[in-house]
There are 2 protein chains.
Amino acid sequence: MHTRRRYHHGDLRAALLTRAEETLREKGPTALSLRELARDLGVSHAAPSRHFKDKQALLDALALTGFDRLDERMSASLKEAGESFAERMKAAARAYVDFATANAELLDLMYSIKHDPKASEELIAASQRWTRQTLNLIAEGQRRGEVREGPLERVGIGVFSTLHGYATLAASDSLPPDVRAEGLDELVAYILRGCAPEKPRQTA
Amino acid sequence: MHTRRRYHHGDLRAALLTRAEETLREKGPTALSLRELARDLGVSHAAPSRHFKDKQALLDALALTGFDRLDERMSASLKEAGESFAERMKAAARAYVDFATANAELLDLMYSIKHDPKASEELIAASQRWTRQTLNLIAEGQRRGEVREGPLERVGIGVFSTLHGYATLAASDSLPPDVRAEGLDELVAYILRGCAPEKPRQTA
DNA sequence: ACCTGAACACCGTTCAAGT
DNA sequence: ACCTGAACACCGTTCAAGT
């Protein structure tokens with residue numbers, strides 16, 4: 001009972017997710033098939049159904065890990081950032097854009113699921129948690145007097161749209177190549193202007 | 001020769017695209033199959049291959065019609081708008097968001113193709129044409145002195161990201177429901193602040 | 001509990017053949 | 001030119017049966 005080996009090498013569920021992400025990254029979403037996944041891992045084609053009731057369930061779970069990692073990266077990036085709203089905004093933007101470019105296909109998956117009327121509850125919750133994390137940043141800035149006043153949704157929607165749009169465009173290679181690297185500083189400056197207090201106060 | 005009827009009812013290619021968009025809208029992208037399309041139109045399952053070399057080619061063509069219609073809507077909306085940058089920006093934003101919410105799945109398709117290394121040249125061109133159209137708006141604003149100076153890419157990237165992000169989020173129902181309708185005005189105001197001239201001059 | 005093997009209904013793609 | 005019908009290799013899903 002001690003060295004109890006299952007048929008498979010321990011945790012098929014985790015192995016499926018890992019391998020699925022690899023092939024998603026390497027061959028794109030249309031090339032991802034349950035049967036090939038099973039073949040790659042040396043199990044029968046019916047084995048995955050023990051852990052995911054169907055293909056969509058696996059995709060949902062994969063998207064969920066994406067949101068989890070995005071949250072982590074964001075938190076880590078913010079932990080190392082300074083106190084000012086400008087610095088925290090920049091840290092958040094960098095974290096998002098880095099994640100988006102490094103996981104373009106996964107990001108697509110994370111957001112493409114919403115159209116599904118019967119989308120996973122868990123997944124919607126994860127997406128909203130991520131939105132919240134960004135809006136909290138704005139609230140912080142408001143408390144520091146570095147962001148204009150007003151209901152969080154009204155003030156935050158522009159900022160969130162900008163971040164999401166830039167990350168998405170960067171991920172899908174839809175940005176002019178020269179803008180990518182230095183573009184982030186310009187983007188953050190633009191965001192700051194957009195949500196600056198109505199009557200800017202002096203820094204000291 | 002005059003009332004020459006083909007096997008099919010005239011233009012299978014166009015019929016395939018029309019029907020494909022319908023099922024994309026109604027049943028989502030994964031439910032779209034060439035064989036079902038052919039069945040719906042009363043032709044054999046091999047008939048589509050005369051007009052599209054494979055499924056991807058049909059999807060590319062469909063995405064292309066999306067960009068064409070987006071361009072049209074945008075142009076029409078701008079034609080009815082006033083002269084000021086603020087009004088033109090608002091018209092553009094409304095056109096984009098309207099299109100995005102009315103054609104959510106199609107918009108997804110239009111942008112999800114980029115990851116493909118061998119993506120259709122035509123499609124990339126259409127996407128860039130659309131980006132250009134938005135950037136032209138910024139250039140116009142610069143000429144009128146209502147947008148800050150600087151290279152178009154630097155100034156325009158934020159605006160374009162904001163528009164694209166908002167439209168995408170709206171399309172995927174990722175926006176808090178209360179923001180959608182009146183949110184557009186707030187969004188445009190945010191954009192205008194972000195690209196206002198460094199030293200705002202008086203209106204008269 | 002976890003997996004197998006066979007079965008079913010569906011795909012996309014190709015190709016000789018028909019009109 | 002445009003389409004058919006059969007064939008091929010692949011899917012996702014289900015389910016009795018094995019260990």
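In what follows, chains carry the letters A, B, and so on, assigned in the order in which the sequence lines appear, proteins first and then strands, with residues in each chain numbered from 1.
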Watson-Crick or G-U stems involving DNA chain C, each at least 3 pairs long, distances under 3.5 Å, ordered by first number: C:4-8 with D:12-16, C:12-16 with D:4-8
Measure the distance from [atom1] on [X] to [atom2] on [N] and round it to the nearest whole Å.
X: A/L58; N: D/dT13; atom1: CG; atom2: P; answer: 10 Å
X: A/K53; N: D/dC15; atom1: NZ; atom2: P; answer: 14 Å
X: B/R50; N: C/dT19; atom1: CZ; atom2: P; answer: 16 Å

Residue pair B/L123, B/F67: steps toward the side chain to side chain contact (heavy atoms under 4.5 Å, CB included) verdict: CA-CA 8 Å; B/L123 197 52; B/F67 276 112; 4.0 Å; yes
Between B/Y111 and B/W130, ring centroids under 6.0 Å: no
Pair A/H164 and B/Y166, ring centroids less than 6.0 Å apart: no
Under 4.0 angstrom between A/H51 side-chain N/O and C/dC2 OP1 or OP2: no
Heavy-atom check, side chain of B/R193 versus side chain of A/R193, under 4.5 Å: no
B/E83 vs B/R88 side-chain heavy atoms within contact, under 4.5 Å: no
Pair A/Q133-A/S75, side-chain donor/acceptor within less than 3.5 Å: yes
Side chains of A/Q56 and A/D60, donor plus acceptor under 3.5 Å: yes
Presence of salt bridge, A/E36 and A/K27, under 4.0 angstrom: yes
Pairs under 3.5 angstrom, nitrogen or oxygen only, protein versus nucleotides 8-12 of chain C, please.
| unit_1 | atom_1 | unit_2 | atom_2 | d |
| --- | --- | --- | --- | --- |
| C/dC11 | OP1 | B/R39 | NH2 | 3.4 |
| C/dC11 | OP2 | B/R39 | NH2 | 2.4 |
| C/dC11 | O5' | B/S33 | OG | 3.4 |
| C/dG12 | OP1 | B/L34 | N | 3.0 |
| C/dG12 | OP1 | B/K55 | NZ | 3.4 |
| C/dG12 | OP2 | B/L34 | N | 3.1 |
| C/dG12 | OP2 | B/R35 | N | 3.0 |
| C/dG12 | N7 | B/R35 | NH1 | 2.5 |
| C/dG12 | O6 | B/R35 | NH1 | 2.7 |

